[in-house]
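Have a look at the structure below, then the notes.
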Amino acid sequence: MTFQGWLLIAAFVGILLAFTKPVGLWLFALYEGRRTPLHAVLDPIERGFYRLSGIDPNEEQNWRRYAVHMLIFNAALLLLTYAVLRLQALLPLNPQGLPAVGEHLSFNTAVSFTTNTNWQSYSGESTLSTLSQMLGLAIHNFLSAATGIALAFAFFRGFARRNAGTIGNFWADITRVTLYLLLPACIVYALFLIASGVPQTLAGSVDLTTLEGAKQTLALGPVASQEAIKTLGTNGGGFFNANSAHPFENPTAITNLVQMLSIFAIGFGLTWTFGKAVGNPRQGWAILAAMTTIFLIGVGITYWQEAAGNPVLHQLGAMGGNMEGKEVRFGIAASALFSVVTTAASCGAVNAMHDSFTALGGLIPLFNIQLGEVVVGGVGAGIYGFLLFAILAVFVAGLMVGRTPEYVGKKIEAREVKLAVLAIAVLPLIILGFTAIASITDAGLAGPLNKGPHGFSEILYAFTSGVGNNGSAFAGLTANTPFYNGLLGVAMWIGRFFIIIPMLAIAGSLAAKKYTPETAGSFPTTGPLWTGLLIGIVAVVGGLTFLPSLALGPIADHLAMIHGQLF
Amino acid sequence: MTKHLLSSLRPALVMTLLFALLLGIGYPLALTGMGQLLFPAQANGSLVERDGKPIGSTVIGQAFTSERYFNSRPSAAGKGYDGLASSGSNLGPTSQALADRVAADIAKFKAASPDRPVPSDLVTASASGLDPDISPEAAFYQVDRVAKARGIDRARVQALVTDSVRHPLLGFIGEPRVNLFDLNRRLDGLSAKPAA
């Protein structure tokens, strides 16, 4: 570890904290449906969208209606992408003349992008046409992110409203978030990326002759436009197979820093928006403090392990930290930081190959996703996931002092706690269940590239990433098979929507409650005690479930590594 | 429930269509237009041409395996530096295949270069398989071999490497590195001149 490395990490967190309130304020304006300076230009588009689709943006929806409209919209988007991929060979903008994408791969990819997972079972440069990347995938990067933020808004309204039957209008929420936040931010961001060396062209590839006289063909395309929303919307699906490690996606250390910042920017801002929505920004800061603490512990462990390097390679005479699967322009610190950022948020973009990390360095990304990606988390999904843990935390605190738990002015009762547990239990159930299936079937065991405990880690990481809607991988796993495409497709769908439905039910139930003012007997949910309790609940409930599986994978791998046992 | 479903169909279908046009077509095309207009070199891949033909991109690595060039890192992209198949090796820390590959590469370097520990980036595969850089240590490590193969004074090659090192912004954003396409092109220029 170096001083410069820690300086980068400190600067990263410092910049984010400085932007938390401004971003949170902007999001709050969208949450409230207020006018922004951008309305002068974009308001006609917003109103046009509503008129053509017959939507009254002021019509309030109860939680069931909100959920149904969200689901139908996501189903329509899923079908659009499936159709675009299956018909790829017949559609325009296919400069490389690529054939149609297969059935199970199309299913997997369509689910993957609809659920904000962006698991890449395909290899972008050799499978997808320019049109498929644009119309089939990039559109989801916007709308799955907008859906996540809309759902967070709906959940906030559950806490903020009193004696209310409704939680907002789904169409107004996604349209506003897309038009007044994601789209304009991405235009500026993408221009910066182009200026830094990220291609943006309709040409498919270019042939060249290298200095040594060999032929090299470079895949090109509209990369920058996709790259911008890929990180800002915590999507993570890269234009190329190597994702943000590819020099065309992430050419410099500066683009790398900006990509990391953009992954966290909205997630940080939403904690402030939540505090403001419930009338006390300190509620938001308390949540952010818990998230940042867990995040920094993870960064410390991964950076330490990667900088220490692989003793097996040291023995052979290669000095220094672990550079297998890392790019020289990023080095150890920025690669370790990126890996923790992308898995703390449900992004899944990678600038280094997690599969080749040291055993414990790679454990942290895996563990981050297993916690439920509530450490900052995906845009929207992170904060509503974390609030589910907050509900559990006040419940536990209430049990200890023998009072009905309250949170931000709402009594938390049996219905909310049951629904929160239901949502949280989905994650371990599906991850561990599906990993077990893959570990005992021939089709599942055909997947891993590496042998020994690391092979098990590859399977465990795949289902963790799928259910957690992350999309990063221990990429040695051969996942483009009917078995993995199918099972992971189901896992991603469950991981997204089986958490959302109970969460919206809680929002509906909370909105209907009256306000319970804080009294001397209330458990304060702003101080360090509360932050500590939150961290404890996330670690115990989210983490302990997975400890046996981690012992079989990364921990066994680590013990083998330090004893020089190879597989 | 049925009522909800029906009432949501029109907005779902029309909004899908409208957003597809705006985000799937309009947004990338508008940016392509702006990018081609404002930053045409970068938008088309930062290509470098010689006699009107592209010989490389300043941001993408290419395979350098000859002893006359500073060698690039091992690559898992296709058969090596395949611009259509970016990939890391994905070999884990306890992989026998990884240890064998690293041992073979170390033996190759040690045969031609000084008997010092090899900088780890020189014998490890990058994440993309298209890494354009190596560390300054990995470049200095190869100076003797390159100077000997080209019959150039060692000090001139050493000075060229020193001059080619790119430093991190503000000292901490990024890592010190050497772009091989840049260094090796300058090396060709060096040999073209008569030895001093």
Side-chain angles (χ1 to χ4, degrees), chain A residues 4 7-8 49 52-55 65 68-69 72-73 76 125 134-135 139 142 190 194-195 197 199-201 208 210 216-220 222 225 240-242 245-247 251 253 310 313 316-320 323-325 327-329 331 352-353 355 358-359 450 454 475-476 560-561 566-567, chain B residues 4 8 10-16 18-20 23-24 27-28 31-32 35 39 42-46 54-56 59-60 62 66 83-84 86-88 90-96 99 102-103 106 117-121 123-124 126-128 130-135 172-175 177 184:
Chain A
Q4 287 87 342
L7 205 57
L8 176 75
F49 272 35
L52 286 170
S53 44
I55 292 163
R65 199 176 168 84
V68 168
H69 283 226
I72 297 288
F73 182 51
E125 53 265 58
M134 285 168 28
L135 185 58
I139 172 180
F142 281 97
I194 299 172
Q200 180 73 25
T201 164
L208 50 87
T210 68
Q216 192 183 30
T217 303
L218 302 181
L220 294 170
S225 56
F240 302 105
N241 187 47
H246 197 297
N310 182 348
L313 302 190
L316 295 171
M319 63 177 182
M323 284 301 288
E324 181 73 18
E327 302 280 302
V328 167
R329 64 192 178 284
M353 293 300 139
D355 210 351
T358 60
N450 286 277
H454 200 76
M561 184 183 86
L566 300 181
F567 298 93
Chain B
H4 287 330
S8 70
R10 178 176 164 206
L13 295 177
V14 178
M15 284 295 236
T16 299
L18 292 174
F19 276 124
L23 306 171
Y27 163 73
L31 269 167
T32 305
F39 312 106
Q42 295 96 314
N44 292 307
S46 310
I55 55 167
V59 298
I60 298 281
Q62 37 184 259
S66 144
L84 293 174
S86 63
S87 176
N90 287 313
L91 295 172
T94 53
S95 159
Q96 183 72 53
V102 170
I106 287 178
V118 182
S120 77
D121 62 294
V123 291
T124 48
S126 65
S128 63
L130 298 168
D131 196 339
D133 306 309
I134 56 175
S135 67
F172 69 95
I173 300 173
E175 299 283 327
R177 64 193 205 284
N184 283 330

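Residue numbers begin at 1 in each chain, while the letters A, B, ... track the order of the sequences.
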Looking at [options], which has the largest count of heavy-atom pairs under 4.5 Å with chain B?
options: A:H246, A:H454, A:M323; answer: A:M323
options: A:P222, A:P251, A:G476, A:A560; answer: A:G476
options: A:A352, A:A359, A:G331, A:G197; answer: A:G197
options: A:S53, A:G325, A:A76; answer: A:S53
options: A:G54, A:P247, A:A190, A:A219; answer: A:P247
options: A:M353, A:M561, A:M319; answer: A:M319

Whether [X] side chain and [Y] backbone form a donor-acceptor pair below 3.5 Å:
X: A:N450; Y: B:N90; value: yes
X: B:Q42; Y: A:A195; value: yes
X: A:N241; Y: B:S86; value: yes
X: A:E327; Y: B:A127; value: yes

Contacting moiety of B:I134, where chain A heavy atoms sit under 4.5 Å:
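Just the backbone, heavy atoms under 4.5 Å.
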Given heavy-atom pairs under 4.5 angstrom as the criterion, report whether the side chain, backbone, both or neither of B:T32 touches chain A.
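Interface part for B:T32: both.
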Between B:F19 and A:F49, what is the ring plane arrangement, given parallel below 30°, perpendicular above 60°, and tilted in between?
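B:F19 and A:F49: perpendicular rings.
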Tell me, side chain or backbone of [X] under 4.5 Å from chain B's heavy atoms, or both, or neither?
X: A:L8; value: both
X: A:T210; value: both
X: A:I55; value: side chain

